[in-house]
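Quick note on labels: first sequence line is chain A, next is B, and so on, each numbered from 1.
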Amino acid sequence: MILAGRAHKFSDDVNTDYIISGKYKFKTLDMKELAKHVMEDLDPDFYRKVAPGDFIVAGANFGCGSSREQAPLAIKHANVAAVLAKSFARIFYRNAINTGLPVLECDTDGIEPGDELTVDPAAGVITNRTKGTVIPAKPLPPVMIKILNDGGLAAHFRKYGGFNFD
Amino acid sequence: MPMTITEKILAAHAGRDEVSPGELINVKVDLALGNDITAPVAIKEFGRTGVAEVFDRERVALVPDHFVPNKDIKSAEQAKLLRDFARRQGLTNYFEVGRMGIEHCLLPEQGLVGPGDLVIGADSHTCTYGALGAFSTGVGSTDLAAAMALGETWLKVPETLKFVYHGALPAWVGGKDLILYTIGQTGVDGALYMAMEFTGPAVASLSMDGRLTMANMAVEAGAKNGIVPPDEITRRYVEGRAKRPYQFYASDPGARYARVYEFDVSKLEPQVAFPHLPSNVRPVSEAGRVEIQQAVIGSCTNGRMEDLRLAAKVLQGKKVHPDVRLIVIPGTQEIYRTALKEGLVEIFLDAGAAVSTPTCGPCLGGYMGILAAGERCIATTNRNFVGRMGHPQSEVYLSNPAVAAASAILGRIAGPQEVC
């Protein structure tokens with residue numbers, strides 16, 4: 001799985017209420033509808049600006065706050081290919097993998113808004129084609145790659161009847 | 001190899017002699033928890049796993065607490081999903097309105113979680129049960145679905161940060177102040193992916209209610225779990241209450257810590273977290289003049305007996321400021337009943353407070369105390385993010401129950417020594 005798209009940049013401590021505001025989250029489980037409001041409080045035009053396959057690039061502690069899965073699901077349904085951040089809040093990280101959204105930890109300082117990136121989640125390699133740099137990321141453990149490739153944890157379960165760590 | 005208490009509990013549940021930080025392990029779950037926001041998604045995902053029945057109908061707890069009594073049609077339908085699933089699966093731990101409580105107040109009180117347990121819950125404040133010497137952590141709905149199906153989950157063994165609190169706690173200073181001060185020191189991601197082990201004489205002197213408050217907010221420092229070594233206070237709390245056998249674990253001498261923090265708390269003041277991060281703390285004496293329109297005493301952080309007793313001690317014979325709404329929310333029906341018997345509810349009513357049935361309600365901006373633009377609230381809750389309790393231009397300040405009560409009387413943020 002190799003992903004390619006442009007970077008949309010955000011700062012540290014982007015909490016789950018910024019990703020998808022509570023006022024929408026409690027109203028609907030329709031992800032297509034929720035996706036229209038992703039990151040709205042930080043960038044009201046985000047949904048219109050993001051092209052399928054683009055990346056959210058952020059600082060430290062991305063996704064802190066609540067345990068609700070609407071946060072990664074809304075990002076995924078906004079057609080964002082992956083989130084790159086210096087670090088993730090751990091529940092968001094799990095939820096992203098479990099719902100099939102690739103997340104990679106790396107140094108994001110050298111990425112600017114609009115940079116063209118290529119991302120290989122399994123190898124943990126990010127190429128900034130605009131700047132001509134290669135950024136190493138923490139490679140995802142094989143079990144997470146497997147869950148992602150299966151399309152999330154529920155699909156992984158249906159396939160193997162449980163966790164497949166081998 | 002010497003291990004921490006967290007590593008020992010994880011090893012025991014992975015069927016291993018030892019585990020090391022960074023390892024991915026598969027563990028058995030003693031209890032899996034969901035609420036009326038997260039369980040509906042989990043029930044849907046459970047359906048997609050292809051598994052027909054939950055792994056153990058006594059080890060899945062469903063607690064509708066965020067929007068019950070149902071606040072609107074949508075929340076009524078979500079709560080109904082839980083009720084129907086609980087009936088269909090024959091779950092023994094489903095808690096209906098009138099017999100329920102805020103999940104993290106209810107499960108310890110009912111003896112459904114105990115020392116040495118491994119608990120996961122689809123709610124970020126599931127880390128609360130670490131106060132009992134359990135490993136417990138928040139997950140998402142899909143993780144909950146998998147745990148309901150198999151009774152297992154995967155975890156990365158966390159590194160541990162050790163916190164040692166020296167000295168005797170001053171008056172009006174408790175678990176909430178210790179954890180707010182700690183988050184102020186570490187920042188909101190200072191314990192990211194890690195375990196926080198709370199030790200030292202000041203923690204050993206805390207009641208179980210105070211410890212539950214501390215462990216509850218470990219997630220606000222980014223932690224996977226918070227844990228207090230079980231002791232005699234733990235034993236007294238769980239005896240006659242625990243519904244399952246429990247086991248005390250202790251960190252070995254020589255266990256490895258990523259970092260050790262040592263704090264002298266003998267002169268600590270009550271702490272207040274200013275908007276908009278729980279790490280933005282200062283002592284109450286340095287709050288300056290901050291007028292408030294609302295005060296909330298309750299939540300999974302501070303809705304227990306000790307919290308209500310503290311608030312009542314401050315409010316006794318006093319009146320809530322004319323410009324302030326004080327909302328008191330006992331954490332469970334049992335806490336409510338005890339508060340009635342002890343005369344605390346009468347003290348609250350005499351002071352001019354509203355007393356509610358247990359609910360998470362205002363803490364997450366759900367209902368029962370939403371703020372308008374420009375309004376400020378002092379709350380004993382756990383998060384003060386932008387718009388957390390209502391309008392994006394409202395503000396939430398976090399404190400202990402005595403500070404919230406004193407502030408409700410004076411109409412501005414104040415320490416209890418100003419009114420007592």
Side-chain angles (χ1 to χ4, degrees), chain A residues 12-13 15-18 21-23 25-29 31 41-42 59-73 85-100 105 140-144 147 151-165, chain B residues 24-26 37-38 40-42 44-51 66-67 71-72 74-75 78 121-126 137-146 149-150 152-156 158 187-189 192-194 219-220 222-224 276-277 279 364-366 383 385-388 392:
Chain A
D12 292 344
D13 300 322
N15 68 54
T16 49
D17 288 337
Y18 282 138
S21 166
K23 59 180 180 277
K25 185 158 56 183
F26 304 143
K27 274 203 181 123
T28 178
L29 286 174
M31 289 304 150
D41 287 347
L42 295 174
N61 202 26
F62 186 87
C64 59
S66 97
S67 67
R68 288 161 225 149
E69 278 179 9
Q70 284 92 336
L73 279 173
K86 287 183 188 168
S87 62
F88 291 89
R90 52 162 291 275
I91 301 178
F92 178 88
Y93 187 85
R94 292 185 74 102
N95 288 346
I97 302 289
N98 285 343
T99 55
E105 271 185 28
L140 288 173
V143 60
M144 293 185 196
I147 292 172
L153 188 62
H156 177 84
F157 255 59
R158 218 176 24 251
K159 193 162 158 190
Y160 297 103
F163 293 104
N164 185 324
F165 268 46
Chain B
L24 281 176
I25 55 170
N26 209 13
I37 292 189
T38 57
V41 180
K44 188 173 131 244
E45 290 297 307
F46 179 83
R48 291 180 58 214
T49 62
V51 177
H66 279 57
F67 296 140
K71 94 176 174 92
D72 54 20
K74 176 78 195 159
S75 61
Q78 301 234 135
D123 186 274
S124 59
H125 293 106
T126 304
T137 192
V139 296
S141 295
T142 301
D143 276 320
L144 172 61
L150 275 195
E152 289 175 15
T153 194
W154 63 267
L155 293 169
K156 189 163 93 175
V188 291
D189 63 350
L192 201 57
Y193 307 131
M194 296 191 202
V219 66
E220 309 310 336
K224 173 171 268 178
H276 289 285
L277 282 176
S279 56
L364 71 158
R383 287 189 183 131
F385 298 156
V386 175
R388 174 78 178 172

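For Arg48(B), the parts lying near chain A are the backbone and the side chain together; criterion is any non-hydrogen pair under 4.5 Å. Heavy atoms closer than 4.5 Å to chain A are found in both the backbone and the side chain of Thr153(B). Heavy atoms closer than 4.5 Å to chain A are found in the backbone of Ala223(B), but not in its side chain. Both the backbone and the side chain of Val139(B) come within less than 4.5 Å of a heavy atom in chain A. With a 4.5 Å cut-off on non-hydrogen atoms, Leu73(A) does not touch chain B at all. Both the backbone and the side chain of Glu152(B) have a heavy atom closer than 4.5 Å to some heavy atom of chain A. Contacts between Asn98(A) and chain B at a heavy-atom distance below 4.5 Å involve backbone atoms as well as side-chain atoms. For Leu144(B), no part sits under 4.5 Å from any heavy atom of chain A, backbone or side chain.
Contacts with chain A were tallied for Thr137(B), Asp72(B), Val219(B), Val386(B); Thr137(B) has the most, counting heavy-atom pairs under 4.5 Å. Across Thr126(B), Val51(B), Val188(B), Leu277(B), the residue that shares the most heavy-atom pairs under 4.5 angstrom with chain A is Val188(B). For the set Gly50(B), Ala122(B), Ser141(B), Ala145(B), the count of heavy-atom pairs under 4.5 angstrom toward chain A peaks at Ser141(B). Counting heavy-atom pairs under 4.5 Å between each of Gly162(A), Ala60(A), Ser67(A) and chain B puts Ser67(A) at the top. Taking chain B as the reference chain and counting heavy-atom pairs below 4.5 Å, the highest number among Cys64(A), Gly65(A), Ala89(A), Gly161(A) is found for Gly65(A). Chain A forms more heavy-atom pairs under 4.5 Å with one residue of Gly222(B), Gly387(B), Ser124(B) than with any other, namely Ser124(B).
No donor-acceptor pair closer than 3.5 Å links the side chain of Glu69(A) to the backbone N or O of Thr99(A). Panel note: side chain Asn95(A), backbone Gly140(B); a donor-acceptor pair is recorded below 3.5 Å. At least one donor-acceptor pair under 3.5 Å links the side chain of Arg90(A) to the backbone N or O of Gly138(B).
Across Leu153(A) and Ile147(A), no two heavy atoms sit closer than the pair N-CG2, 3.6 Å.
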Next item on the list: Using the side chain to side chain contact (heavy atoms under 4.5 Å, CB included) rule, take His66(B) and Ser75(B) through it: C-alpha gap first, then chi angles, then the decisive distance, then the call.
Entry: CA-CA 9 Å; His66(B) 279 57; Ser75(B) 61; over 6 Å; no
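Taking 4.5 Å as the limit, every side-chain heavy atom of Thr16(A) sits out of range of all side-chain heavy atoms of Arg68(A).
Applying the ring-ring contact (aromatic ring centres under 6.0 Å, His included) test to Phe46(B) and every residue at least two apart in sequence or in another chain returns Phe85(B). Evaluation of the ring-ring contact (aromatic ring centres under 6.0 Å, His included) rule for Phe88(A) yields Tyr93(A) as partners, not counting sequence neighbours.
Within 6.0 Å of the NZ atom in Lys86(A), the count of heavy atoms belonging to other residues, nucleotides or ligands exceeds 12.
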